[in-house]
Every structure is written in C-alpha cells, then in structure tokens.
> 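Handing you this structure, nothing more for now.
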Number of protein chains: 2
Amino acid sequence: MGGKKIRNMEEFASVSGISRPTLSKYFNDPTSVRASTRKRIEDAVERFDYRPNLYAMNQNRKLTRNIGIVVPYLADPFFAEIARTVEEHVLETGYRPVLLGSHGSPELEIENLENLRLIKPAGVLLAPSGRTSDRDAIAAFCDEVPTVLFDANIENVGEAFVGSNNDQSIGLIVEYLCRTGEPPVFFEMENPTNPNAHKRRNAYIAAMERLDHKPHLIQAPGEGWEFEEIGFREGARVVRDRTLPTNTILCSNDRLAIGFLSAAYEAGLRVGIGQGCAMRVAGHDDHPFSRYSCPTLTTVSQDYKAIAKKSAEILMQRIDTGIPADSRTETVFDGRLIMRGSA
Amino acid sequence: MGGKKIRNMEEFASVSGISRPTLSKYFNDPTSVRASTRKRIEDAVERFDYRPNLYAMNQNRKLTRNIGIVVPYLADPFFAEIARTVEEHVLETGYRPVLLGSHGSPELEIENLENLRLIKPAGVLLAPSGRTSDRDAIAAFCDEVPTVLFDANIENVGEAFVGSNNDQSIGLIVEYLCRTGEPPVFFEMENPTNPNAHKRRNAYIAAMERLDHKPHLIQAPGEGWEFEEIGFREGARVVRDRTLPTNTILCSNDRLAIGFLSAAYEAGLRVGIGQGCAMRVAGHDDHPFSRYSCPTLTTVSQDYKAIAKKSAEILMQRIDTGIPADSRTETVFDGRLIMRGSA
DNA sequence: GTCAAAACTTTACGCGCGTAAATTTTATAA
DNA sequence: TTATAAAATTTACGCGCGTAAAGTTTTGAC
C-alpha cells in the first residue's frame, strides 16, 4: 500500500526504522526479537509489502527450512491423503513442506531426491516406492539428509520408520472373517510393487496357521499402479472359474478389492454377509472410496493420521536436536476393523 | 567419485579446466556452449559430482525456471491426474514443476500463490478453487506472474483459460439420455464449490429446453469436497422419497454419482439399462474410479490430457516470447460420451 | 534511581553465482 | 595459409542476505 517498491532488506531497514541485522534475525525467527520490535516490523511488512529474497536468504545456509515429502504415487488417494496430513504437520512446525510424487517410477523417485538435495532441505519424509526403489541411492541420500521413512520400510535406511502393524491388522481381519464365516483366501498381486504386500501375505499365512486353517493365495499377474484394473481382471477370472476353496476373499489392499467387487457385480454375483450372498470380500487400508463401494467394503483402517503425525514428530525432533538418533527406531500402529457390508 | 568435495563453481572451474563464466553459461543453458566443451563439462560434473548452488543461481535472477502448478484439491483423483499430466509437460520443456494443492481452502490457495511469488516462477498454471477463490488476490498475482488458468475459469483473469466445453459435453449426455429413455433430472450441490457446476447446470437446462423437456434440478445441501458423501446422503433421500418425475439422474460430476450409486445399492435399487433396472444414473468427468463403480458409470470424459497439454503450451509460449498475448484466449475441449452400465 | 542483562545499532566482510567488457583462443571457410 | 566469426578466458563488479564484533540503548528487577 505504502509507496514505492522496496528492493531489498537495506531499503526496508531505512523505511521501517529497524536495523538490517535485526530484520534478518526477525525473518529467520520472529520470536527472537522483542515483542514491541516484532510489532513494528510486522506493521512495516504490511505497509510496504516487503518479503525477503528467499534465494539470497538460503544461499549461505547449510540447510533451509524446507522439508521434503516424497510419496510413490500422488494419484493414489491413500498417498494423497497421507501426504496432505504430513504436510499439515510440517506446516504447523513452521517449516515449508515440498511435496513430490514419483508417479510410481523408481527413476523419478531418485530424481526427486536429487532435486531435493538442491534445495538443501532440513529433512525429508519419504514413502519409498517399495520393491523397485533403488536401495543404495536412497541410503546414500539418507546419509546426507535426515530422512524418516514412512508407509514402506527399507531395512536400516533412514533415521526411523513409521508404518502400520500389518501382522496385527491382517491378523485382526483374518480372525474376524474366520469367526463369522469361511476362512479367507488371500488375493494379491503376483509381483507387488509395495513391500507391505509381502508383510501382509506372511501375516495372512501366519494368522491362518494360528487358526488351524490352510492358507491359500491367489496371485494376480499385472504390473504398475492400476490396482483396480488388476483386481477387476483377476476377480472376473476367479468368479468365472469358480475354483475357490472358500466363499471369502481377503484382498491385500482396498484398491484390489474395489476392482474385485466391480467384477463380482458385473458377473451378477452378490457380495456381502446377508442371505443370498454368494461371497464375502474384505480389503485393507480403509481407502477413502471404500465406504462407497457396492457393497461398502469391510476392511482394516490404517491409522494414517498417527503415522503422519509420528513420522513428522520424529523428523522434527531429529532436526531440532541436530544429533542423529543413537539407534534407528521402527514404529508401527495398529489397524482398526471397519465392518461394512462386504464381509 | 573423483576426490574431495567441490564447494563452488570457482573450484569446479579449476579442477575441470573450464572457466567459470563458461560453466555459468553451460548450467543456464547447456546448448549455449560448443559440443566439445559441453562434453568436457559433463564428464567433469560426473567425475566430481558437482551441482551449482540453486539459491545462489537464482538470487540475482528476475525469474527462475520454476513453474508453479496449483490445484484446489490434490486428494481428488481428477486433480491428481491432471496435475500429474501438466507436471510431465512442464518437465519436458526443461522447467521445474512445483506442485501445490490447496486442500480445498481459498486461504491456502492465496498462501500458495504468496509462496510461489517467493520462488520467482517463470509462470504458473492455476486451477482455481472456484466460487470461493479470492478473485482480487488472484488477479493481483496474475499481474505479476504469467498465469494460465485451467479447469475453472475466472473472467478476465490470467493470460488464458483452458478447460472443458460444458455446453457440448452436457448437451451430449442429455441428448443420449433422452434418446435412450426418460429425460434426466439434474443432480448437483446446492452451493457448488466449482464454477463448472454453474455452467453444467445452465447447459443442462438449455439442452432440456432444446429437446422440449422440462428441466428439473435436485440440489443437495452440503459443503466442502466430500462429494461422494453428499451424493450418498441425498441419493438415499431421493430413493426413499421416490418423488422424482423420471427414472433418470444426471449428476453434475462423477463423484456425486458414485455416492448416489452407493446409496441406490444400499437401498436395493437396481441401477442400469437392462431389464429389471429401476433407474439410470449418469455422471460427468470420467473420473478414474467411475469404471469400477457398480454398475460402471456412464459419463462424459473430460479431455484432461488435451487440457493439460494446451495450458502448458500456452504458458510456455507466453514465457518464451516474453510478451503478454494481445488478447486473452479461452480454449475449451469437447467431451466424449463414455457408455457404461449405469445409463 | 541503579545496574546488569537483553536487545538493538553500526560497521564490515563474505557467500556463490550472474554478467559485462576486453582479450585471447579456436573453428570454419575462403 | 589466412581471414573472420564464434567461442572461451580473464578480470572485475554487484546482488541480497547472513553474520560476527564492538558499541549503544532499552528493559525490568531491585
């Protein structure tokens, strides 16, 4: 509003009547100046619409207030949601989140990390692509930048890992399914992109054996992130062939389940728990859309809010203390059974 | 690989045997140096793992090679997809895309633009939040940074607008629905967040009148971006009350339709075109999940690839020429009818 | 009112790079 | 081979800010 454009902090110092070093202190931490000074600066900022040059601020800094957030696939609503939540936590602590999606490509994942290095982030929250991730490249990155992994673990890489307790959550839903009907077969991808998939498969097998049932796996061919399509294709095959030893299917994740439900519907097969239902289908993740599938999808929720919060907290603590944790921690949160119509 | 860490371009110049100004030229445009020199530099970059300091590079520049991409809601798969596509086009031109989602909040939208100003982007691709957007703030931003609007238009703001031809696409599906059964009612939100919603409503009314049918609107209460929930709630009400003048419903967008389908399913109402079907439901957008709804959703696709490409092209042209277009252009792409099971 | 601590000002230098101007080297063609 | 344009080098300065050191003012407890 005031008048002419302020070009730099020097000019802003003269028009605002505050010395440049004090302004510099303020812009790097507003609470580091006296309240009365802060008010004068803030009024002047408002009046002259001055913002310090971000690039000049950061050029001499070892690291910035940027926090990188990297997820494998932003178009997957699950990752979009968890990224959003992580973003909010980062913002709350006064850091600047920088969101990057890898479009399911491990090359882009590495490139994203490369680009992050250029902006000298104070830390990074990384959900690795999984199986296809370049372990060595990621490990090298983590040596330079404090990094917390979430969702998918890579053994001994990064400061910490925060994710879901797949043993517990899969155990939970296997037990529920067995208690309320026939024991489930496990439906997954032949070559899952996600390392959680392997944990879930093992958890399923363990849970079935614990309950004295014989595990049975259906492994759908297919690559990439088109999970619904894979679930649909294999679902169509399964209901056509009718070779299942049971009427109950536990899918490795909700997106597969949604595709499966679609195939069952197309085949005229009624899915659910009521009378007249030919089969039961359950998922895992409590995907945002699973409450609107037909029937609504019984699943296990991942506590993604807790995961987001915890991973942000660990990273912030690591940044604030400046010292690497003496030991790498792994935190997993329990899932909750979400009983809906499909099983 | 080589040896010690290179700290700056000066050091890199001495170890690589290339003068610093030439290196500077190279890093700002690799093609601006002779091929033989380029090769020598690239070998040295490889050997010494040197990257110029991004912040020092940009501090004296009027603008950078950053391109901002702002969408209202990244957790909406439609925006996630279109953002992804835009991102790819930007990357191809050698610019650095910076993706920002506004989480449906107009305040965050303005904040995102503020933050973008700090990084001095060469241009911005903005999908406004719609009705709730702060027009003046966005217009002010567009005066400073070359900005192309996409998806949602704001009259006379930005260099150009690229979007969908709602008149054509709604006309298309209304005509299809009328031709194959009862004329549709139009189902939308009472206070739609999206300006396209108004265009679609008007297009529906116009199309119905053109075909000598009486338009009929159902306007669901509800705020925010939980479209499926709103579609579900109002859908449940509609099928319970059975006060419709027709058996055919055209939803303002696919996410409302998916919610509606879920409600119909829960009520035991069969949706589709076969015999024994109580009603038909159609959507708009060809949302990524609409091919897996039950039944699969008949809809109109938005040509989001064309939208993404065109808006990126216009922006790049604006940036390359450096001159603002003599007149603001508005480009709209036709939709395609996607015939599936629901109508 | 006194006084020490805290906060601020003044002065001054450095960071890593962009970039202009003058000069020298290299490539290309006559 | 020589002329000439193109490219690279040398030299030098500036950008906007961080930050250290020394001096001055303000604050708040007594």
Side-chain angles (χ1 to χ4, degrees), chain A residues 4-45 48-66 94 96 117-122 322, chain B residues 4-45 48-66 96 115 117-122 322:
Chain A
K4 57 267 165 193
K5 268 272 165 70
I6 274 77
R7 333 181 121 271
N8 56 37
M9 208 179 273
E10 198 79 52
E11 275 187 35
F12 185 63
S14 53
V15 298
S16 66
I18 312 273
S19 73
R20 197 171 69 70
T22 303
L23 289 174
S24 179
K25 269 189 81 181
Y26 166 82
F27 283 116
N28 285 306
D29 179 8
T31 67
S32 68
V33 302
R34 204 158 34 205
S36 57
T37 315
R38 186 159 61 241
K39 173 121 185 35
R40 286 172 60 203
I41 297 176
E42 274 158 4
D43 288 351
V45 163
F48 297 99
D49 193 35
Y50 169 74
R51 305 273 184 286
N53 181 324
L54 194 78
Y55 295 105
M57 284 180 71
N58 286 330
Q59 81 154 329
N60 292 323
R61 249 201 256 285
K62 269 274 169 294
L63 24 104
T64 65
R65 295 188 73 77
N66 294 321
R96 270 167 56 80
R117 258 185 31 173
L118 291 183
I119 64 171
K120 303 186 207 168
Chain B
K4 58 266 163 195
K5 267 273 164 69
I6 274 77
R7 332 182 121 270
N8 56 36
M9 207 179 272
E10 197 78 52
E11 275 187 34
F12 184 63
S14 54
V15 297
S16 66
I18 313 273
S19 72
R20 196 171 68 71
T22 302
L23 289 173
S24 178
K25 268 191 82 180
Y26 166 82
F27 283 115
N28 285 306
D29 178 9
T31 67
S32 68
V33 303
R34 202 156 38 202
S36 58
T37 316
R38 185 159 61 242
K39 171 122 185 35
R40 285 172 62 205
I41 297 176
E42 273 156 5
D43 289 350
V45 163
F48 297 100
D49 193 36
Y50 169 73
R51 304 271 183 288
N53 181 325
L54 195 76
Y55 295 104
M57 284 180 74
N58 286 329
Q59 80 153 332
N60 293 324
R61 246 202 257 288
K62 268 276 168 292
L63 23 105
T64 66
R65 295 189 73 77
N66 294 319
R96 272 166 53 81
N115 286 333
R117 260 184 31 173
L118 291 183
I119 65 171
K120 303 186 206 168

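Residue numbers begin at 1 in each chain, while the letters A, B, ... track the order of the sequences.
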> Using whole Å, report how far CD of B/Glu10 lies from C1' of D/dA12.
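Going from CD in B/Glu10 over to C1' in D/dA12 covers 12 Å.
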> Please compare A/Arg34 and A/Arg51 by the position of their nearest nucleotide in DNA chain D and report the one closer to 5'.
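Closer to the 5' end of DNA chain D: A/Arg51.
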> If you round to the nearest 0.5 Å, how far is CG of B/Leu118 from CE of A/Met57?
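So the CE of A/Met57 and the CG of B/Leu118 are separated by 9.0 Å.
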> Which residue, A/Ser32 or A/Arg20, contacts DNA chain C at a nucleotide closer to its 5' end, judged by nearest heavy atom?
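It is A/Ser32 whose nearest nucleotide is closer to the 5' end.
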> Give a yes/no answer on whether the side chain of A/Tyr55 brings an N or O atom under 4.0 Å of OP1 or OP2 in C/dC15.
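For C/dC15, OP1/OP2 do not have a side-chain N/O of A/Tyr55 under 4.0 Å.
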> Do the side chain of B/Ser16 and the main chain of B/Ile41 share a donor and acceptor less than 3.5 angstrom apart?
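Judged by distance alone, no pair lies under 3.5 Å.
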> Rounded to whole angstroms, how far apart are CZ on B/Arg65 and P on C/dC17?
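Spelled out: CZ on B/Arg65 to P on C/dC17 is 18 Å.
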> May I have the distance from B/Asn53 (atom CG) to C/dG16 (atom P), rounded to whole angstrom?
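To the nearest whole Å, that distance equals 7 Å.
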> When the distance from CG of A/Asp29 to P of D/dT19 is rounded to whole Å, what number comes out?
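Answer to the nearest Å: 12 Å.
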> OP1 or OP2 of D/dA8 versus the side-chain N and O atoms of B/Thr22: is any pair under 4.0 Å?
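Answer is no, no contact under 4.0 Å.
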> Does any non-hydrogen side-chain atom of A/Thr37 lie less than 4.5 Å from one of A/Ile18?
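A/Ile18 reaches A/Thr37 side chain to side chain.
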> If we only count heavy atoms from C-beta on, is the B/Asp43 to B/Arg40 side-chain gap below 4.5 Å?
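Not touching, per the 4.5 Å side-chain cut-off.
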> So which atom in B/Glu10 and which in B/Arg20 form the shortest heavy-atom distance, rounded to 0.1 Å?
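Residues B/Glu10 and B/Arg20, closest heavy atoms: OE1-NE, 3.5 Å.
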> Would you mind reporting whether B/Arg96 and B/Ile119 have side-chain heavy atoms less than 4.5 Å apart?
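Result no, sub-4.5 Å side-chain heavy-atom pair not found.
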> Quick check on D/dG18: is either OP1 or OP2 less than 4.0 Å from any side-chain nitrogen or oxygen of A/Asn28?
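Yes, such a contact exists.
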> What is the distance, to the nearest angstrom, from the CG atom on A/Asn60 to the C1' atom on C/dC13?
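Value for this atom pair: 11 Å.
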> CG of B/Leu118 versus C1' of D/dG16: gap in Å, rounded?
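B/Leu118 atom CG is separated from D/dG16 atom C1' by 14 Å.
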> Could you say whether A/Lys25 or B/Tyr50 is positioned toward the 5' end of DNA chain C, judged by the nucleotide with the nearest heavy atom to each?
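Nearest nucleotide further toward 5': that of A/Lys25.
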> Look at the side chain of A/Gln59 against the base of D/dC17 and say whether a donor-acceptor pair falls under 3.5 Å; ignore hydrogens and angles.
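Under the 3.5 Å cut-off, the side chain and the base do not form any donor-acceptor pair.
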> Hey, does the side chain of A/Ser19 come within less than 4.0 Å of C/dC8's phosphate (OP1/OP2), counting only N and O?
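So the side-chain polar atoms of A/Ser19 never come under 4.0 Å of the phosphate oxygens OP1 or OP2 of C/dC8.
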> Does A/Asn8 have a side-chain nitrogen or oxygen under 4.0 Å from the phosphate oxygens OP1 or OP2 of D/dG16?
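Answer is yes, contact under 4.0 Å.
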> Would you say B/Tyr26 places a side-chain N or O within less than 4.0 Å of OP1 or OP2 belonging to D/dA7?
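Checking B/Tyr26 against D/dA7: no side-chain N or O falls below 4.0 Å of OP1 or OP2.
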> Among C/dC8, D/dC17, C/dG18, which is the nearest nucleotide to the side chain of A/Met57?
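The nucleotide sitting nearest to the side chain is D/dC17.
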> Roughly, in whole Å, what's the span from CE in A/Met9 to P in D/dT19?
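One finds 11 Å between P of D/dT19 and CE of A/Met9, rounded.
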> Check every strand shown and say whether A/Pro52 touches a base, only sugar-phosphate, or nothing at a heavy-atom separation below 4.0 Å.
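Sugar-phosphate, no base atom in range.
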> Among D/dG16, C/dT10, D/dG18, which is the nearest nucleotide to the side chain of A/Pro21?
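Taking heavy atoms from C-beta onward, the closest nucleotide is C/dT10.
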> Is any side-chain N or O of A/Thr37 closer than 4.0 Å to OP1 or OP2 of C/dC8?
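Yes, because at least one side-chain N or O of A/Thr37 sits under 4.0 Å from OP1 or OP2 of C/dC8.
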> Find the distance A/Arg61:CZ to D/dT19:P and express it as a whole number of Å.
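Going from A/Arg61 (CZ) to D/dT19 (P), I get 6 Å.
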